[in-house]
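Written below as C-alpha cells is the structure these notes are about.
What's counted below: heavy atoms across the whole structure, side chains too, no hydrogens, waters or symmetry copies. Just so we're on the same page: letters track the sequence lines, and every chain starts at 1.
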There are 2 protein chains.
Amino acid sequence: MTEAEFLAALRTLPLHPGARDLRDDCALIEIGGETLVLNHDVMAEDTHFRRNADLADVAWKLVALNLSDLASKGARPVGVLLGHALGGNDQRFIEGLRAALTTYGVPLMGGDTIASTGASTFSLTAIGRATSTPVPSRSGAKPGQSIFVTGSIGRAMLGFEGSAEHRLAFERPEPRIEEGIALAPIVGGMMDISDGLLLDAFRMAEASGTTFSIESLAVPVADRDRALDCMRWGDDYELLFTLPSGCDPPVKAAVIGQVVERGDAPLILDKEALAEPDELGYQHG
Amino acid sequence: MTEAEFLAALRTLPLHPGARDLRDDCALIEIGGETLVLNHDVMAEDTHFRRNADLADVAWKLVALNLSDLASKGARPVGVLLGHALGGNDQRFIEGLRAALTTYGVPLMGGDTIASTGASTFSLTAIGRATSTPVPSRSGAKPGQSIFVTGSIGRAMLGFEGSAEHRLAFERPEPRIEEGIALAPIVGGMMDISDGLLLDAFRMAEASGTTFSIESLAVPVADRDRALDCMRWGDDYELLFTLPSGCDPPVKAAVIGQVVERGDAPLILDKEALAEPDELGYQHG
C-alpha cells in the first residue's frame, strides 16, 4: 500500500473523536476540563536519516519534529515517551536526547527499548497541554485572512546540501513552541511545515475548503535564486498560519499571501493555479 | 549498550515524576483531577516476530501487549497512536488492528506512517484513564500478602512451539483489562507477565524490597511436566498481583505463594533462594 491507501484503510477503523479523522497533525484528549495534545512520529534509517548520521542529531530531530507538531497546536510540552532500537551509537543518541530535552525543558516519561537487526527505527510520542481552545487546526483558514510564515524557508535544504551556515537548520531544527503558544488564540488555521511550504499550504487550503494565493516574492527564502526549491523542500519546521485581515501577528512572521474563496485549485502561486499536490513537496510512501 | 546500560543512561536525563524513575510499566500524567496512564511498546521483525508471521497477528499482539500494561494499572483504554512501517502485508496488519480495536472497544487516535527498508518495526502508544488511585505499581507488595496469578502460565510457549490448542494464546493474547480494573483498588503490587512468571516475580519483589516465596506446584501451568519452562517463558500477559492475607480476589486467580520480609534473595522457589535474575525468563538486550 502507499501511505495514502494505508491512511484511507485506517479511516475505516474505529476512530477517536480527537483523531480529527486522521486529517490533522495531532490527536486531542479532553479530560478534566483540560485538553491534552498527543503526537507520534517515527524516524527510520535510510528513510529519514543516513546510515552514517550522528545519532545525537537524529535524537534531537526526533524530539524537535514531535514538539513542532505540538507547537502547531499551541500546546506546551508535558513529556515524551521513547521507542529506541539498540545497536547504533546509543551513547550519542542519549547525548542528543539530553540536549533536546534540556533545551526545551521537556522530561522523559517512559517508553520501550528493543534489540533490533538491520536498519534502526526510533519512535517518539510527545504529550502536550493545550494553552488555548479551540485548539488550532489545519481546517480553520477562512477567505479574507492573510497567510503568514515564521522564519526563513529552505534553510534545511541548504544545510542538507552542505552549507555550513545552514547545517544546524537541517541537523538540529528548532520547534516554534513559544510562537505557537502566542499564536494559538488568534489564528484561523495553523500547521508546521514539515513536507515543504507549497505542499503544506496546499494541504491547509484543502482542509479548510479554501484557496491559498501565495506570492513567491513575498516568501522569505534562504536562497532567492532557488526560491522554488526552497518552497518545495521540507524539514524547516516553521509555522504556517492565517490571521484575520488587519491583525498583526504577535511573533516575527512574514505575510506571503491571502486566503480566498475556493476556486478551481487549492493553491495559486503567482497567479498560476496548482490543482495537484504532485511536485509541490515531499510526499511519503 | 545493553538494555540495562541504556536504561541507566536514560535515568540521567530529565525525568517526569510520572515516569516512576523508569522502573514501572507505564507513565502517569495527573491532569484536571484525573490520572492518564500511558504506555509505549515497539515490535520489530526478527526480534519480536518472524519474517513470515501473519501481520494480522502482529497487529493484534502490538495492541494486546500495550493494553496489558494498561491493565496492570487498572486503567481503562482511551485510545492508541500507531507508528507503522509500510512494506509488509499492510492489508493484513489493518485487519488484525481492526480485530483488536473492535474487540477491546479502543479507538485509533493518530500516529505516523513511514516507508522503510529492511526489517519492519511497529510502535504503539496506548493511553488509558486510571480507574483507581493510587495507581497500582510493581513496588506495592508487602510482607504477609499472598501472591496471585490469573489464567494458566506457559500457554504462549506451547502455542509458539506448535500446539494447536494453545496457538491463539501465542498469536492473539488477551489483555486482562477488566480483571485489572477490578483488582486495582485492592492490590498491593500488580504487573503483567510479559517476560516470564519467575523473572517478573523477581522484579516485583525487588521493586517492593521484599522476597516472593513461590510454590511451583501451586502455579497453574499449561504443562505440568514442563512446569519450569512454563514459568520461565514470557508472552502470557496474565496479571501477577498481591493481596492482603485473607482477602479473596474478585477475579479468577490462583494463589501461588507469599510475600515475606526481604531475605538474601528476592525470590524463593520451593525453598530454593534465587538471588540472580539470570535464567528466570526472557531478558532483553
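Between chain A and the options B/G83, B/G32, B/P107, B/A9, heavy-atom pairs under 4.5 Å are most frequent for B/P107. The candidate from B/L7, B/D25, B/L36 with the greatest count of non-hydrogen atom pairs under 4.5 Å with chain A is B/L36. Your options are B/T12, B/I127, B/N89, and the one with the most heavy-atom pairs under 4.5 Å with chain A is B/T12. Options B/V106, B/V80, B/N39, B/L82 differ in how many heavy-atom pairs under 4.5 Å they form with chain A, and the most are formed by B/L82. If you tally non-hydrogen atom pairs under 4.5 Å between each of A/L38, A/D41, A/L28 and chain B, the highest count goes to A/D41. If you tally non-hydrogen atom pairs under 4.5 Å between each of B/D46, B/I94, B/T121, B/L97 and chain A, the highest count goes to B/I94. Of the residues considered (A/L22, A/T125, A/I31, A/L15), A/I31 shows the highest number of contacts with chain B, using heavy-atom pairs under 4.5 Å. Chain A forms the most heavy-atom pairs under 4.5 Å with one residue out of B/I29, B/L101, B/D24, and that residue is B/I29. Among the candidates A/H84, A/R98, A/H16, A/R20, the residue making the largest number of heavy-atom pairs closer than 4.5 Å to chain B is A/H16.
Using a 4.5 Å cut-off between heavy atoms, B/E5 makes no contact with chain A at all. Within the 4.5 angstrom heavy-atom criterion, no atom of B/E95 approaches chain A. Looking at B/L13, the atoms closer than 4.5 Å to chain A (heavy atoms on both sides) sit in the backbone and in the side chain alike.
A cation-pi contact links A/K61 to A/F170, judged by a cut-off of 6.0 Å to the six-membered ring centre and 45° from its axis.
Donor-acceptor pairing under 3.5 Å is recorded for the side chains of B/H40 and A/S123.
Using a 4.5 Å heavy-atom cutoff, the side chains of A/T35 and A/R129 are not in contact. At a threshold of 4.5 Å between non-hydrogen side-chain atoms, the residues B/P175 and B/Y237 do not count as touching. No side-chain heavy atom of A/D235 sits less than 4.5 Å from a side-chain heavy atom of A/S194.
Aromatic ring orientation, A/F122 versus A/F49: parallel (interplanar angle below 30°, classes split at 30° and 60°).
In this structure, B/Y104 has its ring center closer than 6.0 angstrom to the ring center of B/W60.
Across all their heavy atoms, A/S208 and A/R138 have their closest contact at OG-O, 2.9 Å.
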